Amino acid sequence: MNTQDIIDTAKALVAGDKGLLAMDESNPTCNKRFAALGIPQNEEVRRAYREMIVDTPGLGESISGAILYDETIRQQKKDGTPIVKAIIDAGIIPGIKVDIGAKGMAGHPGEKITEGLDGLHDRLIEYYQMGARFAKWRAVIAIGHGIPGRGCIEANAHALARYASLCQEAGLAPIVEPEVLMDGNHTLHRCFEVTEEVLRTVFNQLYAQGVMLEGMILKPNMVLPGLSCSKQESVDEVADATVNCLKQAVPAAVPGIAFLSGGQSSELASARLNAMNVRFKSRMPWALAFSFARAIQQPALEIWQGKEINVPKAQQALYHRAKCNQAARRGEYNTELEKQIHDITLYKHQT
Ligand code: 13P
């Protein structure tokens with residue numbers, strides 16, 4: 001492996017005020033999102049959707065890297081241009097989701113273990129040859145009655161570390177994603193405790209597997225109260241809890257932390273990221289960025305509806321959300337700016 005190239009990729013993904021676009025929904029997840037809006041669910045419609053995204057004018061102004069799914073990295077635009085080439089031409093680094101999903105974990109009711117290590121070495125070599133320079137693996141940790149247990153946390157952390165080590169061996173920068181889910185009525189404090197335990201375990205395993213921390217990105221959840229918890233803390237309280245939790249557990253050698261959105265509304269995800277950068281920016285060892293899927297794509301998907309005629313408006317919505325998150329990285333996002341960016345986007349895309 002060329003160590004410096006991997007470090008350079010990781011740094012480039014969180015450089016300046018850009019962030020990542022996760023457009024790597026598996027076919028079942030993508031189909032679920034389409035079905036909710038009455039969009040037909042087949043390979044051609046998924047291809048058209050991804051073409052709409054990568055062809056968004058100006059996307060590379062705010063997006064450093066795009067995470068693809070296996071089906072997409074093998075697809076072409078209607079005019080025959082490979083999707084990967086379109087991404088590179090837009091100034092965006094292509095990445096690839098390499099886990100094959102979180103499955104029910106034997107002996108651990110209500111908990112999941114992410115699969116995909118078997119044969120991963122060869123798949124990574126193929127993805128590298130196809131142009132991918134970074135990868136993603138998502139582990140899922142649920143909070144509930146008596147869960148998560150150590151068995152689930154340790155197994156998932158071990159798999160994340162094995163994956164990360166294989167990535168670096170193949171020349172790819174790993175995105176390490178242990179997601180503590182928002183579902184449930186747990187408190188913000190409970191999410192803090194679980195997130196801290198998960199992150200400490202993940203970094204222990206990364207150390208045990210010899211993963212080079214300078215050549216990876218952490219993709220965690222924000223520290224949030226459960227969706228159905230009666231107490232929902234303010235944006236600033238969430239920002240403080242999240243950064244304080246990360247400071248306990250994430251070594252300074254990691255160049256960047258790029259959050260998942262996890263089902264938060266687009267505006268809340270931007271506001272919370274913004275608050276972290278306002279309140280802690282000069283005091284954090286790592287860059288705090290975004291790697292959102294739903295919080296960037298959902299408004300565009302709702303406009304697109306699977307129809308060619310809606311492509312320009314859907315692209316405006318995508319560009320707009322990417323720009324808002326770019327502002328949040330700088331600590332400059334607010335509701336007024338949300339509107340201003342909207343107006344500028346409309347102007348830019350009309351002229
Ligand atoms: P969300 O931002 O929709 O949570 O997705 C991020 C992601 O990549 C999940 O693996």
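Both ligands and their constituent atoms are indexed starting at 1 by order of listing. In this text the structure is predicted, and so the values were computed from the model without any measurement. Numbers here are sequence positions counted from 1.
- Interface atoms of ligand 1 facing Ala22, defined by a heavy-atom separation under 4.0 Å, are 8 (O).
- Side chains of Lys313 and Trp304 form no contact here, defined as non-hydrogen atoms less than 4.5 Å apart.
- For ligand 1, the atoms sitting less than 4.0 Å from at least one non-hydrogen atom of Phe292 are 2 (O), numbered in the order shown with element in parentheses.
- Evaluated for a side-chain contact (heavy atoms from CB on, under 4.5 Å) with Trp137, the options Ile100, Val98, Asn156, Val176 yield exactly one hit, Val98.
- Phe34 does not carry Arg46 over the face of its six-membered ring by the limits of under 6.0 Å from the centre and within 45° of the normal.
- Between the side chain of Glu71 and the backbone N or O of Asn27, no donor-acceptor pair lies under 3.5 Å.
- Considering both main-chain and side-chain atoms, Ala295 never comes within under 3.5 Å of ligand 1 through any nitrogen or oxygen pair.
- Residue-level proximity to ligand 1 for Lys97 is absent, since no heavy atom of it falls below 4.0 angstrom.
- Taking only non-hydrogen atoms, the option from Lys219, Gln264, Gln298, Arg294 nearest to atom 6 (C) of ligand 1 is Lys219.
- Among all non-hydrogen protein atoms, the one lying nearest atom 9 (C) of ligand 1 is Glu177 OE2, 3.2 Å.
- For atom 5 (O) of ligand 1, the closest heavy atom belonging to the protein is Ala293 CB, 3.2 Å.
- Not a single donor-acceptor pair under 3.5 Å links the side chain of Asn325 to the backbone N or O of Ala328.
- In this structure, the salt bridge (Lys or Arg N to Asp or Glu O under 4.0 Å) partners of Glu25, at least two apart in sequence or on a different chain, are Arg50.
- Close N/O approach between Ser291 and ligand 1 is not found [any backbone or side-chain N/O within under 3.5 Å].
- For the pair Gln232 (side chain) and Gly226 (backbone), a donor-acceptor distance under 3.5 Å is present.
- Considering backbone and side-chain atoms alike, Ser261 places an N or O below 3.5 Å from some N or O of ligand 1.
- Heavy-atom proximity to Gly262, at under 4.0 Å, picks out these atoms of ligand 1: 1 (P), 2 (O), 4 (O).
- Given atom 10 (O) of ligand 1, the protein heavy atom at minimum distance is Lys136 NZ, 2.4 Å.
- Taking the side chain as every heavy atom from C-beta outward, Leu218 and Phe203 approach each other to under 4.5 Å.
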